[in-house]
Structure formats: C-alpha cells, structure tokens
Asks: 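There's a structure below that I have some questions on.
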Amino acid sequence: MTKAYDYLFKLLLIGDSGVGKTCVLFRFSEDAFNSTFISTIGIDFKIRTIELDGKKIKLQIWDTAGQERFRTITTAYYRGAMGIMLVYDITNEKSFENIKNWIRNIEEHAAPDVQKMILGNKCDMNDKRAVSKERGEQLAVEYGIRFLETSAKASYNVEESFYILSRDIKSHIDKKLEQQQSNSGGRQQLNNNSNNVVLSKGGGRGAGGSRG
Amino acid sequence: MKHQWATITEDQEERFHAFRDFKSLIEKDVSRTDRTLDFFKGDNSKGTDTLRNILMTYMMYHFNLGYVQGMSDILAPILMEIQDEIMTFWLFAKFMDRIHPNFELSQESMQKQLKDSYMLLQIVDPRLGAYLDACDASNMYFGFRWLLIWFKREFTYSDVLILWESLWTGLPGVNYPLFVGLSILIQNRSTVMENKFGLSEILRHVNDLSMRIDLEKTLALAEALYRQVMAVEAKLPNAIRTIIGLPEIEEPALDNLEVVQGPSASPRQRKSTSPSPCPEPGGSNLSVPNENSNLSTSPDVEALENQYELGVTQFM
C-alpha cells in the first residue's frame with residue numbers, strides 16, 4: 001500500500017497571547033488571512049503536506065493558547081514535537097522578552113533534539129515596531145537557532161519559515177538514521193513513514209500515534 | 001470600581017505592570033471576541049466598548065484573578081442579551097463566582113474536572129473509556145475548551161444562553177457540565193471508534209464539532225447519563241460519589257476503590273487497552289478507579305451498559 005506521505009513531522013507554535021500564532025498557521029495552511037480571528041483556547045492543529053527533496057512530508061502543526069496559566073495543558077503536547085516555532089510580535093516588546101521563557105519551557109518539556117526557530121511576526125506593522133530586526137537576530141544567534149521576520153497578513157516569509165524548519169528536521173532525521181544504520185549494521189526500514197517513530201525520544205509515541 | 005481603572009494614567013501604568021499586562025490582554029481579546037456579530041463590530045462600537053469596560057472593572061473587582069483568556073467568551077453572550085453595563089457586570093461577576101476556579105493560575109480545578117469526566121465516562125461508557133485510554137486520550141484534554149467556558153464556543157448564542165440558564169439552576173446535580181461534555185462525546189462515539197481515530201484525530205474532530213451540535217439532543221442525553229449513574233448510586237465508589245455531590249459512604253468492601261495514581265497501579269487496564277504503555281503527557285494527573293473496584297465486572301454495570309446502549313439508540 002502506498003502512503004500519502006513519506007514523513008510525518010509534528011510541529012508546534014508557541015509564544016505569548018496575541019502574537020499571531022493562529023494567523024501564521026492559517027496563512028500557511030489555507031494561504032489566507034482573516035482579521036476577525038478568535039483567541040485559541042486549549043489546543044488545535046492543522047495539516048499541510050509539502051514536498052522536500054522529492055519526499056512528501058505531512059506537517060501536523062499544533063497551535064497553542066498563549067496565556068501562561070494554560071501551559072499545563074499545552075506542554076502536554078510538546079511531547080513528540082519535532083520542530084517548534086517560537087513566535088513574538090515585533091510591535092510588542094514583552095512578547096520578545098518572553099521568548100527566553102518559552103525556550104526554557106521547551107528545554108523542560110520537549111525532546112532535547114527538537115529543532116527550533118524564532119519568528120518575529122507582524123513585520124508589516126513597521127510604524128509600530130518595538131523590537132528591531134537586529135535584536136531578533138541577536139537573540140537567535142545567542143541560542144544558536146534560526147530567525148525570520150514574518151507577516152501572516154502580508155504573506156511574507158511564512159511559507160519560507162515552515163520550509164526551513166521542515167528541512168532542518170529532515171536533515172536531522174536523515175543524519176540520525178545514517179548513524180543508527182552504521183551503528184547497528186542491520187537494515188533499518190527506510191522509505192517508510194515510521195521513520196519518525198524510530199527516532200522519537202522519550203514517550204516516543206507522539207508522532208507515531210497519529211493514524212492520519 | 002470603574003473609576004479605579006479609568007483614572008490610572010499611562011505614567012502610572014509604567015509602575016504597575018500587573019495592571020498593564022491585564023489591560024493589554026483585555027485589549028487583545030476584546031478585539032477578537034465574536035467580531036463577526038454586528039454587536040461587536042469595530043473597535044469602538046457600543047458593544048465592544050462595554051465589553052472592554054466590564055472586563056476592566058472585573059479585573060479591579062477580582063484583581064487576584066485579573067483577566068484570563070476565556071472570560072471575554074463568558075461575558076459576550078450575557079452582554080449582548082442584557083446590554084446594560086451595570087446589570088451585565090453583576091451577572092457576569094455572579095457567574096464568575098461559580099466558575100472562577102476554571103481560570104485560577106494553578107488550573108487544578110480544570111485538571112480535576114477533566115479527570116472526573118474520565119471517571120464518569122468509565123461508568124457510563126466503559127468501552128469508549130477504554131478506547132480513549134488506548135489512544136492516550138484519557139486525560140480528556142480535548143474537552144478543555146468545553147469545560148473552561150461552559151461550551152460557549154460550541155453553540156450559537158441563543159443555544160448557549162439556554163444551556164447556561166439550565167446549568168445555572170444547579171440541577172439535577174453538581175458538576176452537571178461534565179455530563180453535558182460526556183453527552184457530546186458519546187454522541188460521537190461511533191465516529192471516533194469506527195474511524196479508529198487517534199489522539200490527534202479525536203482532538204480535531206471535537207474542535208470541528210463547534211456550531212454543529214444539537215443542543216436538545218445533548219441535554220436529553222446528558223440527563224439520561226446522569227440518571228443512569230444515579231440508578232446505580234448505591235454501588236458507586238466514593239470517588240464517583242463525591243464528583244456528583246453524593247455523601248461518601250462507609251463500606252469496607254469499597255475501601256480500595258479510592259482513586260489510585262499512575263500507570264503501574266492498574267496493570268490490567270493498561271494491558272487490556274494499550275499495546276505499548278506510555279507515560280501520560282501531564283505526568284501523574286490521570287487517575288482511574290482501581291482494577292479491584294468490581295466496576296468492570298459487576299453485573300449492574302453490565303446492565304447499566306445495556307441500558308446505556310438503549311439510551312444511545314433512543315437519543316441518537
């Protein structure tokens with residue numbers, strides 16, 4: 001039986017309330033923007049399949065509520081995440097400062113080898129900018145992770161950022177698979193979407209749990 | 001109280017971060033609360049202004065709680081119905097008196113309600129309960145939105161008001177919102193089980209049910225479920241009795257019915273339902289009745305289950 005995809009990646013969007021996580025996701029999954037969004041309560045996810053190096057990659061992207069007190073619920077979904085987008089709002093200083101807290105949160109709850117990326121969203125609102133692009137870049141360098149300014153509204157860099165994160169995850173996985181193969185010497189199942197199950201850490205069933 | 005926040009200057013806000021942060025959260029949520037309705041259109045319509053005013057006043061009224069996401073959802077339908085700011089404020093405040101634990105920082109109440117929902121599910125529909133456990137969904141997190149804001153996002157305004165009015169009566173018993181949640185879940189049991197939904201599909205399905213749920217059917221089945229539980233009242237362990245507000249009973253045989261923590265405590269259940277046991281996402285927040293509880297084997301529960309099947313056919 002041929003699968004509709006070669007890989008399943010679970011991604012997660014986190015960041016303060018109102019920075020535009022849902023809008024970024026909506027732009028990526030539906031290529032649309034709606035200014036009458038509602039706040040996310042609890043957790044939700046969207047699916048989009050992309051192609052990288054001739055492989056079909058199904059992205060399952062989880063969207064979370066931003067307010068701190070709901071983290072007990074949202075962190076439960078960190079498990080099994082292979083990539084995390086940390087989103088702040090360039091017009092909101094506090095949301096930028098909190099990126100550090102969100103990173104600490106990831107370190108506590110997500111797999112240690114999860115791929116990360118920082119997004120400075122709402123970059124169409126330059127007149128209200130409170131965080132310079134340089135500061136964003138600097139923070140990203142500090143943590144050794146990638147950074148892009150995006151605008152869900154103007155459809156700027158959203159597509160790119162998801163492709164970059166997916167590519168990082170894929171090369172990380174490919175590298176790990178190679179290592180595993182050379183270590184064990186035995187045949188590993190390739191070209192099979194259970195790849196990510198083999199590679200998941202800890203609980204391990206997060207990515208494989210989906211039968212979608 | 002309105003003057004308390006209305007007279008705080010920008011300069012003062014700079015030295016009052018707790019206030020400033022709540023205010024900014026309120027602003028963000030006011031601008032995304034039911035904007036599709038005419039009443040809340042635009043940033044400075046009467047509806048939007050009043051929504052903002054009441055949330056700001058409530059923040060001062062209950063500063064320890066302040067503003068938490070979801071409160072604007074609770075307020076909006078009441079405001080649109082009552083319209084008058086003062087009347088709406090007090091109605092909202094009284095409603096919050098009842099549900100503020102949902103919004104507390106610790107989130108203990110939400111965790112408990114979700115856990116209690118699962119325990120009740122194991123009584124009213126053990127097979128669905130086992131199914132959820134097998135796909136790691138026994139924490140019932142998919143029902144978080146339901147319980148946090150009393151199903152506000154799941155129904156239209158007119159249905160929400162009917163539902164809330166019925167829940168405000170406190171009848172037929174405490175924690176009745178849990179039965180409403182179970183009713184929605186059980187109405188979807190065949191979709192979930194026949195399509196072999198996993199954790200993520202269940203969440204997606206539940207989120208997609210919004211505005212597509214039949215309120216009358218939901219209330220009827222909720223009441224049926226409640227009555228089914230009450231029908232075996234004398235056999236219920238104390239862990240369940242306290243959920244539905246029944247006094248605890250002393251019965252030696254029921255001693256080990258107390259809730260137990262952790263996966264290791266119920267090996268049989270694990271074995272029978274989950275091929276590869278894995279830790280619960282939140283750590284140890286899942287509790288299930290002990291396997292010695294007789295619940296899964298007692299003829300009464302089987303009878304209950306049959307009765308439940310009847311109930312479902314009747315209501316589906």
Side-chain angles (χ1 to χ4, degrees), chain A residues 8 10 16-20 22-23 34-47 58 60-81 89 91-95 97-98 108-110 197 200 202-212, chain B residues 17 20-21 24-25 27-29 31-37 40-41 67-70 72-73 103-108 110-111 114 135-137 139 141-149 152-153 195-201 203-204 206-208 274-283 285:
Chain A
L8 171 69
K10 180 177 167 182
D16 278 11
S17 176
V19 297
T22 307
C23 292
N34 184 343
S35 53
T36 57
F37 264 103
I38 53 173
S39 63
T40 306
I41 289 189
I43 194 139
D44 201 358
F45 72 91
K46 294 222 179 286
I47 300 266
K58 181 172 168 178
Q60 189 185 64
I61 311 160
W62 294 72
D63 187 16
T64 59
Q67 199 166 359
E68 196 173 347
R69 71 190 58 202
F70 297 131
R71 280 190 203 166
T72 31
I73 298 290
T74 52
T75 50
Y77 292 86
Y78 285 20
R79 188 170 61 100
D89 169 0
T91 71
N92 182 331
E93 170 78 30
K94 181 125 191 268
S95 73
E97 285 165 15
N98 273 337
E108 271 171 44
H109 297 280
V197 181
S200 323
R205 267 182 46 184
S210 164
R211 291 157 205 167
Chain B
H17 285 178
R20 189 193 58 186
D21 293 348
S24 124
L25 262 178
E27 275 306 324
K28 272 178 194 153
D29 278 3
S31 68
R32 47 184 182 166
T33 302
D34 297 324
R35 282 296 169 113
T36 48
L37 297 171
F40 294 112
K41 249 187 193 133
Y67 176 76
V68 183
Q69 288 194 302
S72 71
D73 280 281
F103 298 95
E104 294 289 351
L105 188 59
S106 71
Q107 288 290 290
E108 266 168 36
M110 284 304 300
Q111 295 283 0
L114 293 166
C135 48
D136 254 1
N139 59 24
Y141 280 0
F142 55 82
F144 181 81
R145 187 174 76 190
W146 292 351
L147 297 175
L148 181 79
I149 50 173
K152 188 266 179 180
R153 297 250 178 120
N195 293 313
K196 298 199 165 37
F197 280 171
L199 175 69
S200 17
E201 286 96 344
L203 180 87
R204 163 166 267 200
V206 162
N207 283 348
D208 288 349
S274 175
S276 56
C278 60
E280 284 306 314
N285 50 23

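In what follows, every chain begins at residue 1, and chains take the letters A, B, ... in the order their sequences are listed.
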Asks: Please step through side-chain contact (heavy atoms from CB on, under 4.5 Å) for the pair A/Ile41 and B/Leu148, ending with a clear verdict.
Replies: CA-CA 9 Å; A/Ile41 289 189; B/Leu148 181 79; 3.7 Å; yes
Asks: Roughly how far, to the nearest 0.5 Å, is OG of B/Ser106 from CZ of A/Arg69?
Replies: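 Taking CZ in A/Arg69 and OG in B/Ser106, the distance rounds to 9.0 Å.
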Asks: Any chance you could measure B/Ser200, atom OG, to A/Leu8, atom CG, to the nearest 0.5 Å?
Replies: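 Answer for the OG-CG pair, B/Ser200 versus A/Leu8, is 8.0 Å.
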Asks: Could A/Arg79 and B/Asp136 be called an ion pair, given the rule that one side-chain N must be under 4.0 Å from one carboxylate O?
Replies: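 The answer is yes: the pair qualifies as a salt bridge.
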Asks: Out of A/Gly18, A/Ala65, A/Ser39, which one racks up the most heavy-atom pairs below 4.5 Å with chain B?
Replies: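 Going by pairs under 4.5 Å, I would pick A/Ser39.
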Asks: Most heavy-atom pairs under 4.5 angstrom with chain A, which of B/Asp34, B/Asp29, B/Asp21?
Replies: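 Of the options given, most contacts go to B/Asp21.
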Asks: Should we say atom CD of A/Glu68 is surrounded by more than 12 heavy atoms from elsewhere, each under 6.0 Å from it?
Replies: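 No, because the 6.0 Å sphere around CD of A/Glu68 holds 12 heavy atoms or fewer from other groups.
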Asks: Taking the six-membered ring of A/Phe45 (Phe, Tyr or Trp), confirm whether the NZ or CZ of B/Arg204 is under 6.0 Å from its centre and within 45° of its axis.
Replies: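 Judged by the rule, B/Arg204 and A/Phe45 form a cation-pi pair.
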Asks: Heavy-atom cut-off 4.5 Å, strictly under: side chain, backbone, both or neither for A/Asp16 against chain B?
Replies: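 For A/Asp16, no heavy atom lies under 4.5 Å from chain B.
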Asks: Are the side chains of B/Leu203 and A/Trp62 in contact, using a 4.5 Å heavy-atom criterion?
Replies: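 The answer is yes; the side chains approach within 4.5 Å.
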Asks: For chain A, find which of B/Gln69, B/Met110, B/Gln107, B/Glu104 contributes the most heavy-atom pairs closer than 4.5 angstrom.
Replies: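 Most heavy-atom pairs within the cutoff with chain A belong to B/Gln69.
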Asks: Please classify the contact between B/Tyr67 and chain A as side chain, backbone, both or neither, with a heavy-atom cut-off of under 4.5 Å.
Replies: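 Contact with chain A involves the backbone of B/Tyr67 alone.
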Asks: How far does CZ of A/Phe37 sit from OG of B/Ser31, to the nearest 0.5 angstrom?
Replies: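 The distance works out to 12.5 Å.
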Asks: With side chains defined as the heavy atoms from C-beta onward, is the minimum distance between A/Thr40 and B/Arg145 less than 4.5 Å?
Replies: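 When only atoms from C-beta onward are counted, B/Arg145 and A/Thr40 do not touch, as no gap falls below 4.5 Å.
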Asks: Compare all side-chain heavy atoms of A/Ile43 with those of B/Asn207 and state whether any distance is below 4.5 angstrom.
Replies: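 Of all side-chain heavy-atom pairs linking B/Asn207 with A/Ile43, none is under 4.5 Å.
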Asks: Any idea which of B/Ile149, B/Val68, B/Leu114, B/Thr36 has the most non-hydrogen atom pairs under 4.5 angstrom with chain A?
Replies: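 The candidate making the most pairs under 4.5 Å is B/Val68.
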Asks: Less than 4.5 Å to any heavy atom of chain A: does that hold for the side chain of B/Leu105, its backbone, both, or neither?
Replies: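 B/Leu105 touches chain A through backbone and side-chain heavy atoms alike.
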Asks: Report the distance from atom OG of A/Ser17 to atom CZ of B/Arg32, rounding to the nearest 0.5 Å.
Replies: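 CZ of B/Arg32 is found 4.5 Å from OG of A/Ser17.
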Asks: Side-chain contact, heavy-atom cut-off 4.5 Å: B/Tyr141 with A/Thr72?
Replies: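 A side-chain contact is absent here, since even the closest heavy-atom pair is not under 4.5 Å.
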Asks: Quick one: do A/Val19 and B/Lys28 satisfy side-chain contact (heavy atoms from CB on, under 4.5 Å)? Show the steps, please.
Replies: CA-CA 10 Å; A/Val19 297; B/Lys28 272 178 194 153; 5.7 Å; no
